[in-house]
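For reference, the structure discussed in these notes is given below.
Only this structure's heavy atoms are used, side chains among them; waters, hydrogens and symmetry mates stay out. Read the numbers this way: they start at 1 and go in the same order the structure lists the ligands and their atoms. This one's a predicted model, so the numbers in the text were calculated from it and none came from an experiment.
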Amino acid sequence: MKAIAVTPGQPNSVHLRDIPEPDINSVPEGKGVRVRVLKVGVDATDREINDALYGNSPPGDDYLVLGHECFGVVEEVGPNVRRVKPGDYVTATVRRPGGSIYDSIGTYDMTSEETYFERGINLLHGYLTEQFVDSEDYIVRVPQGLKHLHVLMEPMSCAAKAVQQAYECQRRMKVWSPQRAFVLGAGQIGLLASLILKLKGLDVYTLARAPGPHLKSEIVEGLECTYVSTSETDLEQLAKQVGKADLIIDATGNSQVAFAAMQALGLNGALVWTSITGGKRKSEVPSDKINIEWVLGNKLLLGSVNANREHFESGIKDLAMGEVMFPGILPRILTSPVAGLENYQEMMRLLVEDASALKVYVDVAQE
Ligand code: BGC
Ligand code: ZN
């Protein structure tokens, strides 16, 4: 069957190849699920893997099938599968467990081992192919009524984890009812995090460079959040105007912004970093000022990667709520379909060159 793959370590090696079909019996205990892939989302991670900034093949292979944001339909299930049945729409988690205690209790997104396993990213093949097989443990059902949001499930799981982790950590405060959030970046994670925070009742300011109106600013406002163009009002000015934030989520992909955000966080607040920055950028920060403010203000910095089943499930609920509260807004994120696996060059072109492509995804097959 066809797959879009790269040769890890070799820049711009993206290609179409033929790979063996998966076998449902390769999953032990009759818990295998065979999924026919319908759509796969791609993002900066895929671009950076194709730039050979990171990414590794599974042992024994010299290629890596790309794609970690999947949406498909169940075709066949093993005898002991109970969570899904043929015909169900599904997505799948990205990480697979290693050997730490966190891996063994289903929180593989919190592994304490250096080596992590991520489908389509590190040491495991991804979903940009015609079908895949996995254990039901990693397959998450997508409600029929949300199938039009298909590839957003995985990015949403990452946003859901980032927010949940902040709340979890803030239990240190005994009482914490954040009112103001700054979300940095209006890409998929920024927009989805804005939705989650809005649903939690915060005043959400979503920041990105370009002055509106444009698609991103319209989506932000459609979610009843406030769009702020940093070329008009930078983070420092915003903090002066409306006050520092109780919670900041950085999803810009820019480490300089991630560090700069430390100066816009209020007392007892939490700053969450979610960007994977494969580059070598350096930045100068007023470290004495930040240091004293952070100590005197009991501020928290937290990194959040990936997501487990629970985050997928809660993210899906928030997507459903988002569609009910703000009808028709979320589908606008899904800007840029690519027709078929054969069009992998077009997929990369959109990722690399087209700044207006908010979400690129491959239409792998029709239902
Ligand atoms: C994916 C995450 C993954 C991360 C780091 C992101 O693009 O959405 O699931 O953990 O990359 O590899
Ligand atoms: Zn991703």
In this structure, which one of Arg96, Lys161, Arg95 forms a salt bridge (charged side-chain N to carboxylate O under 4.0 Å, His left out) with Asp109?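 Single pass found, and it is Lys161.
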
To the nearest 10 degrees, calculate the angle at the Zn ion (ligand 2) involving NE2 of His68 and OD2 of Asp43. 120°

Using the ring centroid of each side chain, check whether His148 and Tyr89 are separated by less than 6.0 Å. no

Please work out whether the ring planes of [X] and [Y] are parallel, tilted or perpendicular, with thresholds of 30° and 60°.
X      : Y      : answer
Phe132 : Tyr127 : tilted
Tyr227 : His214 : perpendicular
Phe71  : His150 : tilted

Those atoms of ligand 1 less than 4.0 Å from some heavy atom in His68: 1 (C), 6 (C), 7 (O), 8 (O)

Considering only heavy atoms of Ile121, which atoms of ligand 1 have at least one such atom less than 4.0 Å away?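 In order of numbering, the contacting atoms are 3 (C), 11 (O), 12 (O).
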
Does ligand 1 have a heavy atom under 4.0 Å from the side chain of Asn306, from its backbone, from both, or from neither? both

Under 4.0 Å, heavy-atom basis, I'd like to know which part of Arg95 is in contact with ligand 1: side chain, backbone, both or neither.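 It is neither; nothing of Arg95 touches ligand 1.
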
Test item: side-chain donor near acceptor, Asn12 and Asn50, under 3.5 Å: yes

Options Gln188, Glu118, Glu48, Glu154, ranked by nearest heavy atom to atom 2 (C) of ligand 1, top entry: Glu154

Nearest-option assignment for atom 7 (O) of ligand 1, heavy atoms, candidates Thr45, Asn122, Thr274: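 Looking at heavy atoms only, the winner is Thr45.
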
Contact (N/O only, under 3.5 Å) between Tyr116 and ligand 1: no

